[in-house]
Structures are given as structure tokens and as C-alpha cells.
Number of protein chains: 2
Amino acid sequence: MSDLLQRLRDRGWRLTAQRRVVAEVLDGEHVHYTADEVHARATEKLPEISRATVYNTLGELVSIGEVIEVSTDGRAKRYDPNAHHSHQHLVCSRCGVIRDVRPSGDPLALLPEGERYGFTLDEATVTYRGLCPSCASA
Amino acid sequence: MSDLLQRLRDRGWRLTAQRRVVAEVLDGEHVHYTADEVHARATEKLPEISRATVYNTLGELVSIGEVIEVSTDGRAKRYDPNAHHSHQHLVCSRCGVIRDVRPSGDPLALLPEGERYGFTLDEATVTYRGLCPSCASA
DNA sequence: TCCTACATTGGACAATGTCTAAGTCAAGAA
DNA sequence: TTCTTGACTTAGACATTGTCCAATGTAGGA
């Protein structure tokens, strides 16, 4: 995580207490919080942090490529700090838990030339859905 | 489209003017309107139709599998009447135009057993992103 | 230590979606 | 055809998520 803070410093970011806290909340594996969840967790460490700052900071982290925005359900966007390893998402249809997964091969390759409508392709995002072990056995 | 109306009748739906109009708006290829776009178009044919009815009808069409809900941008959900042919979506990153596309092969097959975390997989939805011909040349 | 440009704050506002109570009507019954 | 009734529609309040702004605060260089 100090890696992230160092990268932010290198970009000329001012390291405020608020930004540190948001960065700390987003540390870990398989982390996919909504903005309000980030705000709730940040508030535990820094009670006076505002919603606007959380949104601002998340937006900035996304725009510099340190965090990925994920929307798996058409509800609130989620923020995924695992931005430096290409991956896709596996979502439980019942409880909503999200796992980062790595497909074998490039999903882009599955789209035939005749199905590209003249587009210049950049990326393919895949959402796998199913039941997680807990939900499947319940 | 009378096919759809017939299927709805077979399910015991009351065929109101409002439901007919929503069904008509959703007729066609590569149609992906937001709820408010459906409402705007429906209003042209039936000025007194309410927003709540459009939301209700869209929700019902989705729940019986006649329409698919698509969220490609984390903003408003879009409604896709092409529910009887499995397909994925190709989206222009600049103008947002959406095309229905059919990948070769099953995207599910790309997820190795070791990356499934014990989930029972149901489906994979793929969003391809790039620039459409108009945006690429502008 | 002092400046100042950048960051934060609270609250208003916007976009999208959900819910409810009251009125309306499609379609089967007579 | 007319009646009846339960399903449908409506307007608007409310909820959730996200954006914007003017006033205030502060990190970090001079």
C-alpha cells in the first residue's frame, strides 16, 4: 500500500489524511466496495471525512488507473484496487459476492471479424455469474 | 411483434394500451433504450402513459424473459428485446452506440476450473468496447 | 513560519428507480 | 350487451446514487 502512496506522491498528489484513509480502505484482495461502503469504512478511521471527498478521490484513482470501476448489477458502482493485473469478475447471483478471476486466453479473440461492425476493439469485460458455494448449499 | 403480444396474452396478461405501446417501442434490431427513452417514445403514441407504468412493464417483460436488461455504463439500465437469441454487446466508448454481437464459442469455457472458487456457473456476459467507425474517423 | 494553490466540506441539486393509495378498465360472466 | 371485479395505471412522494459549488482548511514549497 505504501507502493500506492508512493505512486500518488510521484504524481504530485497532496497526501492528505482523507486520501490516505481511502487508499487504506481499498487495500486487499477481492475488494469491491461501493462508494458509500468506502465512505462508511473511511469514516471509522477519520470521522469527519465527507462523502464528496470519497467520490472525488475514487474518481481520481480511477482516472489515473490505480483503481477500476466495476458495475456488476446496474446499482452502485464498485471500486476494485486490483488494477495492475488484468482480470474479470465472478459474481454470485444470490448474495452478490465478487471474485477476481483470470480467464485463459483473450476474450477479445472470440469476436469474429464479421461481428465487429467496423469497430476498433479495445477491450472485453466479462462477468461470470453463478452461485457461490455457500449459496449453492443453502 | 404480434408474436410478443400473443405470448403475453398466453401468459394471462391484460393487454392494455400502455403495454401495447411499450411493446411497440421495443420492436426492432439493436434496440437498447433506457427506461426514460422508452417512456419518451411511448409518450409520443400515448401521451398519458406514466413513468411508473413504463418501469412496471419493463420489469415484467424482463422477469418473464422477453426482454434483457443491459447495463453497459453504470448509468441507466437499457432494455434489449433481442432475448431469444443469445448474444453479447459491442459498445462505442465515445458515442455509446450498442450492437448485438455473437462471439464464436462459449465465453464460459474460458474460465479454468481453478478459477471458479467452487461456484456453479450459469452464464457469462461480455461487453466489448472500442470505437465505432464514425467515432474512429472523427 | 508564511503563502497559496489545491483539497475538503456540507448541502443543494440531478438522475434513476421504487412504492403507495386512489382511480380506471379489460375481459370474462350473465 | 352490460355488469363486475381484480388487475392495471396514475401522480407524486420517496429512496439511492452521484455531481456540483461556494466557503473554508491545509500540505508542502519558499
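Within every chain, numbering begins at 1; the chains are lettered A, B, ... in the order of the sequence lines, protein sequences first and strands thereafter.
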Report yes or no: is there a donor-acceptor pair, N or O only, under 3.5 Å between the side chain of A/Arg75 and the base of C/dT16?
-> no
Options D/dT10, C/dT8, C/dT16, nucleotide nearest the side-chain atoms of B/Asp36 = C/dT16
When rounded to whole Å, the CG to P distance for the pair B/Asn56 and C/dT18 reads 9 Å
For B/Ile49 and D/dC8, give me the distance from atom CD1 to atom C1', rounded to whole Å.
-> 11 Å
When you measure from the side chain of B/Ser104 to the backbone N and O of A/Pro112, does any donor-acceptor pair fall under 3.5 Å?
-> no
Determine, stepwise, if the pair A/Glu37 / A/Arg78 fulfils salt bridge (Lys or Arg N to Asp or Glu O under 4.0 Å).
-> CA-CA 9 Å; A/Glu37 285 168 355; A/Arg78 291 177 175 275; 3.3 Å; yes
Between A/Asn56 and A/Glu60, is a side chain to side chain donor-acceptor pair (under 3.5 Å) present by the stated rule, with each step listed?
-> CA-CA 6 Å; A/Asn56 287 343; A/Glu60 288 157 0; 5.7 Å; no
Separation of C/dA27 C1' from B/Leu8 CG (nearest whole Å) = 16 Å
Side-chain heavy atoms under 4.5 angstrom apart, residues restricted to Ile, Leu, Val, Met, Phe, Trp, Tyr: same cluster for A/Tyr33 and A/Ile98?
-> no
Do A/Ile68 and A/Val91 share a hydrophobic cluster (ILVMFWY, side-chain heavy atoms under 4.5 Å, transitive)?
-> no
Per-nucleotide protein contact string for nucleotides 23-30 of chain D (B base, S sugar-phosphate only, - none; heavy atom under 4.0 Å) = --BBBS--
Separation of C/dC13 atom C1' from A/Tyr55 atom OH, nearest Å, is 14 Å
How many Å lie between CZ on A/Arg19 and C1' on C/dT9, as a whole number?
-> 14 Å
Kindly indicate whether the side chain of B/Arg51 and the base of C/dG17 share any N or O donor-acceptor pair separated by less than 3.5 Å?
-> yes
How many Å lie between CD on A/Glu69 and P on D/dT17, as a whole number?
-> 14 Å
Can you see which heavy atom on B/Pro81 is nearest to which on B/Val31, and at what distance?
-> CD-O, 3.3 Å
